[in-house]
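What follows is one structure encoded as structure tokens, with my remarks underneath.
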Amino acid sequence: MKLYCIEVLFKDSNGKVRLLAATHDLQSFGYFQRSSVKEFMDFTSKIIVERTAICSRSSVKEQEYICHVYVRSDSLAGVVIGDHEYPNRVAHTLLNKVLDDFTNKGPKAQWSISNPGDIPFKELDEYLSKYQDPKSADAMTKIQSELDETKIILHNTIEAVLDRHEKLDNLIEKSDGLSMQSKAFYKTAKKTNSCCVIL
């Protein structure tokens, strides 16, 4: 079980998403792949938050990863990216805790104008480290009652989150948020993965 990323984002009234804070654990990726992997995690998080309604949660499966997202009523959003073995319940408990703590760090008025790092939130690194072992982290946390009342939607792929006739390949190609190197990395990874399909 592994967590790769925790991000805090803000979704404005026009649906645009702003990254406020993020931490990544990319040690399991090759050194030269890490910047591209980080860009893709940031890009994917923004897409998922854009497509998730206010006051809702979902878990989106993409290949061997699952992106858990929670967009609160105040438009503050959190994303946790882990492997498929990481428990959904613990990931959503982590999102609650992270967003509550972030709310105490930075005033709501700053969320719509802040850039990553403007609101200091060093605890994010501690959360990523502490929650790598969900069994010990879960023992230290109580499942909040709202989690039981909230329907968590598991999508089979990120494609299911996108609008009809909208393809991830097209979004990546049009994106200003990804470098040419990251776009090339995506294409290479997709070709490599397509040759290894077991029938």
* Asked: Distance from D83 atom CG to L3 atom CG, nearest 0.5 Å?
  -> 8.0 Å
* To do: Any pair with a residue in residues 34-43 that passes salt bridge (charged side-chain N to carboxylate O under 4.0 Å, His left out), sequence neighbours left out, goes on the list, sorted by first then second residue, please.
  => K38-D42
* Would a 4.5 Å heavy-atom cut-off, applied to side chains only, mark K97 and Y127 as touching? -> yes
* Structure fact -> One should read off an interatomic distance between T103 OG1 and D74 CG, to the nearest 0.5 angstrom, of 6.0 Å
* Asked: Heavy atoms, side chains only, cut-off 4.5 Å: are D118 and Q110 in contact?
  -> no
* **Residue pairs passing the ring-ring contact (aromatic ring centres under 6.0 Å, His included) test where at least one lies in residues 11-34, sequence neighbours excluded** => Y4-F29
* Structure fact -> Here the gap from L9 atom CG to L19 atom CG, rounded to the nearest 0.5 Å, amounts to 5.0 Å
* Does the side chain of H68 come within less than 4.5 Å of V79's, by heavy atoms? -> no
* Give a yes or no on whether a salt bridge exists between K46 and E7, defined as a side-chain N under 4.0 angstrom from a carboxylate O. => no
* State which residues pass salt bridge (charged side-chain N to carboxylate O under 4.0 Å, His left out) with K2; sequence neighbours excluded, sorted by chain then number. => D25
* To do: Determine, step by step, whether L124 and V98 satisfy the side chain to side chain contact (heavy atoms under 4.5 Å, CB included) criterion, reporting the C-alpha distance in whole Å, the side-chain angles of both residues, the deciding distance to 0.1 Å, and the verdict.
  => CA-CA 7 Å; L124 209 52; V98 165; 3.7 Å; yes
* H92 and S59 side chains, donor-acceptor separation under 3.5 Å -> yes
* Asked: Would you call D100-R72 a salt bridge at under 4.0 Å N-O?
  -> yes
* To do: Starting from the C-alpha separation in whole Å, work towards a yes-or-no answer on side chain to side chain contact (heavy atoms under 4.5 Å, CB included) for S75 and I54.
  => CA-CA 6 Å; S75 296; I54 301 289; 3.6 Å; yes
* Structure fact -> Distance col, row C67:SG vs M41:CE, nearest 0.5 angstrom, shows 8.0 Å
* To do: Give the intermediate values and the outcome of side chain to side chain donor-acceptor pair (under 3.5 Å) for residues R57 and N96.
  => CA-CA 11 Å; R57 301 174 185 270; N96 287 341; 2.6 Å; yes
* **Passing candidate, side-chain contact (heavy atoms from CB on, under 4.5 Å) with V8, options L99, I119, T23** => L99
* Asked: Of all heavy-atom pairs between V71 and A53, which one has the smallest distance, and what is that distance?
  -> CB-O, 3.7 Å
* Structure fact -> Heavy-atom nearest pair, A91 first then Y86, reads N-CE2, 3.9 Å
* Structure fact -> In terms of heavy-atom contacts, S58 and T52 come closest through OG-OG1, 3.9 Å
* To do: Could you tell me which non-hydrogen atom of F121 sits nearest to which non-hydrogen atom of A21, and how far apart they are?
  => CD2-CB, 4.3 Å
* Pairwise distance NZ(K130) to CD(E123) - rounded to 0.5 angstrom -> 11.0 Å
* **Distance (rounded to the nearest 0.5 Å) between I113 CD1 and D12 CG** => 13.0 Å
* Asked: Do the rings of F40 and F43 sit parallel, tilted or perpendicular, given the 30° and 60° boundaries?
  -> perpendicular
* Which heavy atom of S112 sits nearest a heavy atom of F10, and at what distance? -> CB-CE2, 3.6 Å
* Asked: Between Q33 (side chain) and G30 (backbone), is there a donor-acceptor pair under 3.5 Å?
  -> yes
